[in-house]
Structures are given as C-alpha cells and as structure tokens.
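Read through the structure below, which is laid out as structure tokens, and then see the notes.
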Amino acid sequence: MGVTKKKNILSRITESRNFGLLLGLIFLLIIAAVLTPSMYSVNSILNMLQNNAVYGLLAIGEMVVIITAGIDISIGATLSLSGVICCRLMAENPTMPAITWVLLALVIGAVCGGINGILVGYLKMVPMIATLGTMYIFRGCSFLFSGGQWWFPHQFTEGYQAFATKKILGLPCILWILILVIILAVLFLGYTSRGRRIYAIGTNRESSKVAGIKEARVIFLAMTICGVLAGLAGMLYTANYATCSYSIGESYEMTAIAICILGGVSITGGKGKVDGVIIGFLMMSVITYFISLLPGLSVWSDAIQGAIIIAAVALNIFTERSAGKRALKERSALI
C-alpha cells in the first residue's frame with residue numbers, strides 16, 4: 001500500500017508539466033553554461049533577472065486575463081503611456097516624492113485596464129478586438145503626451161531610479177517588487193473567492209452563471225489587475241533604464257503571452273498557475289540573455305521566440321490529451 005502510494009506521488013511529479021519545464025530549464029542552463037560560461041557570474045544572473053523583471057510583471061497580469069479565456073494585447077501600450085506620463089511629470093516636478101510616481105503608475109494602469117474591462121466585460125466585445133483598439137488609443141495618447149520627446153539619464157531623479165536599481169540585501173528593488181507581486185498573485189488566485197471565480201469563468205461560463213458568478217465583474221477585475229501591473233511595469237522600466245520615449249513596450253505583450261503559454265497557461269482559459277509562469281519567465285530570460293551573448297543568434301531572436309511559442313502550445317495540447325487519457329483509464333478501472 002505504501003509502495004503504491006509512493007509510486008502514485010512519483011508518477012504525478014514526473015508526469016506534471018512543470019516537471020518537464022524544469023528539466024527543460026536545467027537542460028537550457030547546461031547548454032548556456034557550456035557555450036557562454038561568463039553568463040553564470042552572480043552579477044550576470046542579477047542583471048539578466050533585473051532586465052527581464054518587467055516581462056515577469058506583464059506575464060503575471062496577462063495570466064490573470066488568459067485564465068478567464070480572454071487576452072490583453074494593449075499591455076505594451078499601457079506600459080508606454082504610464083512610463084511617459086510618469087517621466088514627464090517627474091522631470092517637470094523633480095522635488096516630488098518618488099512614491100508619487102509609483103502610485104500614479106498604478107492609477108494609470110488601473111484606468112487603462114478598467115477601460116478594457118468595461119469593453120470586454122460589460123459591452124461584451126471580443127477581447128482581442130477590444131484590446132487591439134485600446135492598444136492604438138493608448139499608444140497614440142503616449143505619443144501625444146510625450147510630444148515626440150525623449151527622456152535621458154540626467155533628467156531622472158535618484159529617488160525615481162531607486163525603485164528599480166537600489167539594492168536591498170543584494171537584490172535590486174525591481175526584483176523585490178516582482179517577488180511581492182508573485183506572492184500576492186499566488187495568494188489571490190489560490191486562496192480567495194475572487195481568484196476562484198476567475199478560474200470558474202475561464203473553465204465554464206455557463207456553469208459559473210448558474211452558480212451566480214457575475215461574469216462582467218470578474219472580467220473587469222481581471223483586466224484591471226492586468227492594467228495595474230502593466231502601469232507599474234511602465235514606471236519601473238523607465239526607472240531601470242533611465243530612459244523613456246513613447247515607443248517603449250512595443251511587442252512586449254507578445255513576450256508576456258509567450259511566457260504564459262510556455263508556463264502552461266491554457267489559451268482557452270481555466271488553467272494556469274503562477275509557478276508555471278515563473279518557470280516560463282526564467283526560461284525566457286535565459287533564452288533572451290543567451291541570444292544576446294551570441295551575436296550570430298541575435299538576428300534570429302524573433303524566429304526563436306516564435307518557435308518557442310509553437311513548441312509550448314504543442315506541449316500544452318500533448319499534456320492535456322495525456323491527462324484526459326489518464327483520467328479515462330482511472331474511471332474505467334473503477335467501473
């Protein structure tokens with residue numbers, strides 16, 4: 001009996017998708033270590049994570065939306081709008097407390113996400129079409145607010161940059177913020193009724209309606225959360241690089257979606273966990289950093305990212321089919 005139980009536990013671990021992802025990450029790290037040994041100094045690893053932390057924030061927000069069977073392709077534009085507004089006002093008001101710009105970024109993101117939530121949740125627009133429209137609107141607003149201007153390092157206050165670059169216990173603040181967001185996402189999705197409603201909407205909307213779940217409210221909440229994280233990412237991006245223009249964040253939504261799919265978030269909704277997205281984020285970080293260290297591969301970066309997305313979708317399909325077959329066998333054994 002005990003042996004059977006141990007086998008069941010072991011088989012669940014080895015058959016889980018995250019176990020396969022971990023093996024893939026380890027394999028990738030070994031290859032990178034052989035080809036670019038300099039990649040694995042402490043400073044290199046911290047720089048890699050620091051420069052990709054924004055993608056982690058966007059991916060967690062995107063995950064919440066995708067779980068509802070939706071999608072938000074306006075997050076890159078939200079990042080741009082938030083970054084531009086914060087930078088312009090910071091440059092014009094350098095004596096303002098730096099926390100002001102963090103709060104402003106959260107508000108801007110909430111407004112952008114809320115607009116998407118109204119369009120998709122309450123007006124019943126198709127998520128991709130609605131967020132495609134708002135993507136152009138937010139990007140246009142970013143250009144108008146910037147006036148085509150760029151902001152450079154000498155225009156950034158130390159307090160503003162500190163939210164991304166200042167080190168606490170050896171880690172940059174931007175990584176501490178990402179860790180905090182990850183913890184909050186785990187608690188929200190796994191241990192709150194609102195988090196469970198997000199999964200319920202994505203799993204079966206008809207059943208969730210019968211259960212009394214307000215679909216529009218849940219979608220509005222998911223879109224707003226995604227917008228808040230995109231707004232925060234905009235401020236942190238500009239603080240980290242000490243530069244800004246209306247063009248920042250272009251195609252970032254594609255990378256965030258790729259991380260989600262790679263991390264096992266089902267594009268049809270209802271499935272996805274934060275731990276999978278974390279592994280997907282680490283894999284994508286290693287891949288992009290590895291590519292940047294090998295000049296011959298840099299021109300293939302987009303093609304490689306596309307191949308990763310296709311491979312991740314194929315893995316999702318294979319995993320779901322395998323899980324379905326196992327469940328069918330278990331039910332047959334009980335009959």
Side-chain angles (χ1 to χ4, degrees), residues 12-25 55-75 116-117 120-121 126-132 182 185-186 188-192 194-209 211 213 215 218-223 225-226 229-230 253-284 305-328 330:
R12 285 179 183 177
I13 292 172
T14 55
E15 289 172 359
S16 72
R17 192 181 186 283
N18 285 352
F19 181 77
L21 276 179
L22 279 173
L23 289 180
L25 178 59
Y55 290 129
L57 292 172
L58 294 177
I60 291 170
E62 191 69 56
M63 176 193 68
V64 176
V65 173
I66 293 176
I67 289 173
T68 67
I71 198 164
D72 185 351
I73 59 174
S74 70
I75 53 176
N116 288 332
V120 177
V126 177
M128 180 170 285
I129 301 302
T131 57
L132 176 65
I182 288 170
V186 170
F188 173 72
L189 290 173
Y191 299 96
T192 68
R194 285 185 173 85
R196 289 190 289 272
R197 287 170 189 165
I198 285 175
Y199 280 103
I201 288 291
T203 302
N204 192 317
R205 297 202 173 188
E206 294 303 319
S207 296
S208 62
K209 286 179 182 178
I213 297 174
E215 180 183 328
V218 174
I219 292 174
F220 178 83
L221 175 63
M223 287 284 189
I225 290 171
C226 187
L229 292 178
E253 59 278 355
M254 295 297 106
T255 302
I257 293 169
I259 290 171
C260 289
I261 295 172
L262 187 60
V265 182
S266 175
I267 202 70
T268 57
K271 294 180 181 178
K273 292 185 177 180
V274 178
D275 56 352
V277 172
I278 293 170
I279 299 172
F281 161 70
L282 292 175
M283 289 189 74
M284 192 64 74
Q305 192 174 106
I308 291 168
I309 294 173
I310 293 173
V313 171
L315 181 59
N316 281 349
I317 294 171
F318 175 77
T319 304
E320 289 178 6
R321 286 181 179 175
S322 298
K325 288 179 180 178
R326 286 197 302 270
L328 184 61
E330 289 174 1

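Note that the numbering runs from 1 along the sequence shown for the chain. In this text, all values refer to a predicted model and were calculated from it rather than measured experimentally.
- Within the 3.5 Å criterion, the main-chain N or O of Ile71 finds no donor-acceptor partner in the side chain of Glu62.
- Atom CD1 of Ile60 is separated from atom OH of Tyr55 by 15.5 Å, given to the nearest 0.5 angstrom.
- Put simply, the side chain of Glu215 does not reach to within 4.5 Å of the side chain of Val218, judged on heavy atoms.
- In this structure, OH on Tyr199 lies 11.5 Å from OG1 on Thr68, to the nearest 0.5 angstrom.
- Side-chain atoms of Ile73 and Met254, non-hydrogen and from C-beta on, do get closer than 4.5 Å to each other.
- The heavy-atom pair separating Ile67 from Gly272 by the smallest distance is CD1-O, 3.9 Å.
- Residues Ile66 and Ile261 form no side-chain contact, since every pair of their non-hydrogen atoms from C-beta on lies 4.5 Å or further apart.
- Across Cys260 and Ala59, no two heavy atoms sit closer than the pair SG-O, 3.2 Å.
- Rounding to the nearest 0.5 Å places CD1 of Ile201 at 11.0 Å from CG of Leu221.
- Here the closest heavy-atom approach between residue Ala230 and residue Ile75 is recorded as CB-O, 3.8 Å.
- Summarising the geometry of Leu262 relative to Gly280, their closest heavy-atom pair is CD2-O, 3.7 Å, with the distance given to 0.1 Å.
- No side-chain donor-acceptor contact under 3.5 Å links Thr131 to the backbone of Ser74.
- The side-chain contact (heavy atoms from CB on, under 4.5 Å) with Val274 is formed by just one residue from the set Val265, Val64, Ile279, Val186; it is Val186.
- Annotation for Cys226 and Asp72: closest pair SG-OD2, 3.7 Å, computed over non-hydrogen atoms.
- Taking CE of Met283 as the start and CD1 of Ile278 as the end, the distance is 14.5 Å to the nearest 0.5 Å.
- Nearest approach of Phe281 to Ile259, heavy atoms of both residues: N-CG2, 3.5 Å.
- Using modelled atom types, no side-chain atom of Arg197 and backbone atom of Thr192 make a donor-acceptor pair closer than 3.5 Å.
- Other residues, nucleotides and ligands contribute over 12 non-hydrogen atoms within 6.0 Å of the CZ atom of Arg196.
- We find the CZ-CD1 distance between Arg205 and Ile219 to be 4.0 Å, quoted to the nearest 0.5 Å.
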